[in-house]
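First up is the structure itself, then whatever we jot down about it.
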Amino acid sequence: QLMMFPYPSAEGLHVGNVFAFVGNDIHGRFQRLRGCQVFEPIGFDAFGIHSENYALKVNTHPGTLIPNNIVRFRQQLRRVGLMVNWDHELSTTDPRYYKWTQWIFVKLFEAGLVERKRAPVNWCPECKTVLANEQVINGNCERHPDTPVHQRFLEQWFFKITAFAQRLLDNLDWIDWSESTRAMQRNWIGRSEGAELIFETPTDHRISVFTTRPDTVFGATYLVLAPEHPFVERLTTREQRPAIQEYRRASAAKDLVSRKVGSKEKTGVFTGSYARNPATDESIPIWVADYVLMEYGTGAIMAVPAHDERDFEFATQFDLPIQQVVRATEGETVLPYEGWDAVLINSGQFDNLPCVEAVPAITQWLKEKGLGEVRLQYRIHDWCVSRQRYWGPPIPIIYCDACGTVPVPEQDLPVTLPFIEDFRPDASGVSPLARHKDWFVVPCPQCGRPGRRETDVSDTFLDSSWYFLRYPSTDFDDKPFDRTRTAKWLPVDCYIGGNEHAVLHLLYARFINMALHDLGYLDFEEPFRQFRAHGTIVKDGAKMSKSRGNVVIPDKFIAEWGADTFRVYLMFLGPYQEGGDFRDEGIVGVRRFLDKVWSLVGQADASLDATAFPDALRKLHQTIRKVTVDTAELRYNTAIAAMMEYVNVLRSPAVLGDGDDVQVPTSLLAPLIVMLSPYAPHFSEECWERLGNTRSIFLAAWPTYDESVAQEDTVELVVQVNGKVRGRVLVPTGLAEEEAVRRAMADDGVRRAIRERRVKKVVSVPDRLVNLVV
RNA sequence: GCCCGGGUGGCGAAAUGGGCAGACGCAAGGGACUUAAAAUCCCUUGGGGCUAAGUCCCCGUGCGGGUUCGAAUCCCGCCCCGGGCACCA
């Protein structure tokens, strides 16, 4: 049972955290009561920009801030009543933990899965560090929604997550995860099937382009290169040089935002050169335009204006030829036409071939000419893990003039993060640690000559990408995770968390796990067998945020209503996997429910026999059935409703009799208290004691139900005439069709509805309804 | 534009291998208890109509069609809201 560990913010736990944790805790307690061994650990994701920025803001040091926050969090978590195993608590800032974060970096480095390269990266001017693509939201920094990210060319460390793209995608088919989360990951990985085609130039350049529509190659009337494409320089003719240079300068000056999110107005410049269309052999012009991105595909495209919206717009704007090569099978073909339900035209021997068949046919044909190849393309990029900040694990690398880039040997780990006063980042593109020569100058571990430490720290998401592997083994200092412990507790059976990490934490964790598996450290590829995304708690229809001032702090509610009432209320609010709007009005209903249970406990009588109350007993078994199934499936709101219904039944005079001092058989009450205990642990424990038990309720067993007891002996059969309800008849369960129909026809209301008409057809569903068609 | 969710009373929501729409709870109204209030308990509560009485009638699950004896549920075409991706070739 795993919950996403929290970032220990100064504000403390908020309702969203509590909602997530309680839902998790209920499931964990439920599984324990059902006889499973449950390990419910907790930890703190305490490194990272978030903490550091906050420390800067309140003018303190994260090293003193974080421990205080953690103390507060522990208190709050205790108050909520989580069944947490505190012996295995961890913090990512603990050198005993981040030693192994660094170890993972070294192991991946040794396996060739880490590389340092100079690349265009996302730079947040506010955080003064680079960010991974996953941390850029709408062109803005994840932490600063109003701060556009700039593009900078810097030397950075990258994890080769792209090498795992296909496996990360394939495994999504079988892991038991919320559909929404899987869809987001598929989207992010972004696989496209297509072809790589070669366009040759008279100057012997082979320009390769990626296309998902090789079937339209006969309609490629020009090529476009990204401004950064390496061939641009050489393909530009003398006359076009000034224009091209000016254009490249202009697009280099634009940051990623104005280029990607800004105006979609097409711009571009002709290079003066031509290439040969491999299908038609015609000579087509080569342009440079920034609507083609260097980071995707080959950084060059074949433009088919008749069948691509963007190419069409560009061609119209610059008066380039538009050649239709596809005709829709049905209806008129309006250009640009991008549909697949079509056949080829103006395509030589491929005319009349359906597009779907033309893709492999044309790819094969060009392949035979040496000018084409089937190609898969992924949208996902390598994971940039360097951060030019202070509050993180230093990247365990030493640069040596003689030996080059050397990883820190395992026996020298961890590379401890030094305590420095001036941890403020600057715009230079290097970490604050680079200002501390006494720290970064170290002997090279290989040759012993003076070397220089890497001064960047790693991304917080690296810390959190393996914490679940550490939990069972927190007491081992000589290894990241113990084999026996890992075999016992991992992979995680049930992981519940927010969907905001679908392409961040959840993707990185899968990648790290997969890499460690390949290196032989783990026996499983996928870390989380089951993952369920819980919903979001909003306030007044809007996401809670400090800037909106609508953050709900749980402490006040817990103080006023008690932790259990608050727990049950949050779970009763709506479907757990959808979340809901936090309003305080409904909480009183939950309190009333618990009060009713309390008074029933006061009326308990162990000497009474439950079989004397068959209706209540039946309802009990029905309730056990429903609560068991619903709790297992995280449908907490309906499980609670079922328990409320049962309490209403127990309280109704018809069931237990009238009078002032009616007693309830303990055997009708005890199972309810057990079912309630995952939801309201403190309250149930006390009820349990009042019922005369001396051992904890959590040592009790989850009640089982008997289908034959739950079974109703009479059912109300609905009688419809022409599909409209006209009457109901009470019949014994399992009544034969003939007899049921006979009784249905005898009903007054039914007779009135039929009148003189003849019944033409009878539809009968046993124990449910009879429909008479006249 | 593409991909996931979702749209049901005054409100949060139940009910989807098609079979009583609105369980459970909130709010509201009425009543009991009380000097009074709180708390508690009981009753009513989707809209409209008819009645002396209801085992009465009609309408109703975002909109328009369809399939079916029967659709909140399945199919086709739309609209709206939330989330993700997006000049991705």
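Convention: sequence-line order gives letters A, B, ...; per-chain numbering from 1.
For A:Asn187 and B:A86, the shortest distance from a side-chain N or O to OP1 or OP2 is not below 4.0 Å. In terms of phosphate contacts, A:Arg583 brings no side-chain nitrogen or oxygen within less than 4.0 Å of OP1 or OP2 of B:C11. Using a 4.0 Å cut-off, no side-chain N or O of A:Asn499 falls inside it from OP1 or OP2 of B:C4. Phosphate proximity of B:C20 to A:Arg726: absent, as no side-chain N or O sits under 4.0 Å from OP1 or OP2. Within the 4.0 Å cut-off from OP1 or OP2 of B:G83, not a single side-chain nitrogen or oxygen of A:Ser180 is found. Using a 4.0 Å cut-off, no side-chain N or O of A:Arg375 falls inside it from OP1 or OP2 of B:A89.
Nucleotide B:A13: unpaired (no Watson-Crick or G-U wobble partner with both distances less than 3.5 Å). Searching all strands for a Watson-Crick or G-U wobble partner of B:G5 with both distances below 3.5 Å returns B:C81. Pairing of B:A32, defined by two Watson-Crick or G-U wobble distances under 3.5 Å, is identified with B:U40.
Residue A:Arg182 contributes atom CZ, which lies 19 Å from atom P of B:C85 at whole-angstrom precision.
Rounded to the nearest Å, the gap between the P atom of B:G29 and that of B:C56 is 30 Å. Using atom C1' as the reference point in both B:U35 and B:G10, the two lie 35 Å apart (nearest Å). B:A13 and B:C24 are spaced 8 Å apart, taking the C1' atom of each and rounding to whole Å. Across the P atoms, B:C63 and B:U8 are found 10 Å apart, a figure rounded to whole Å.
As judged by a 4.0 angstrom heavy-atom cut-off over every strand, A:Val773 is placed among residues touching the sugar-phosphate backbone only.
The side-chain tip of A:Lys266 points at the ring of A:Tyr291 from less than 6.0 angstrom away and within 45° of straight on. By the 6.0 Å and 45° rule, A:Arg510 stacks over the aromatic ring of A:Trp177.
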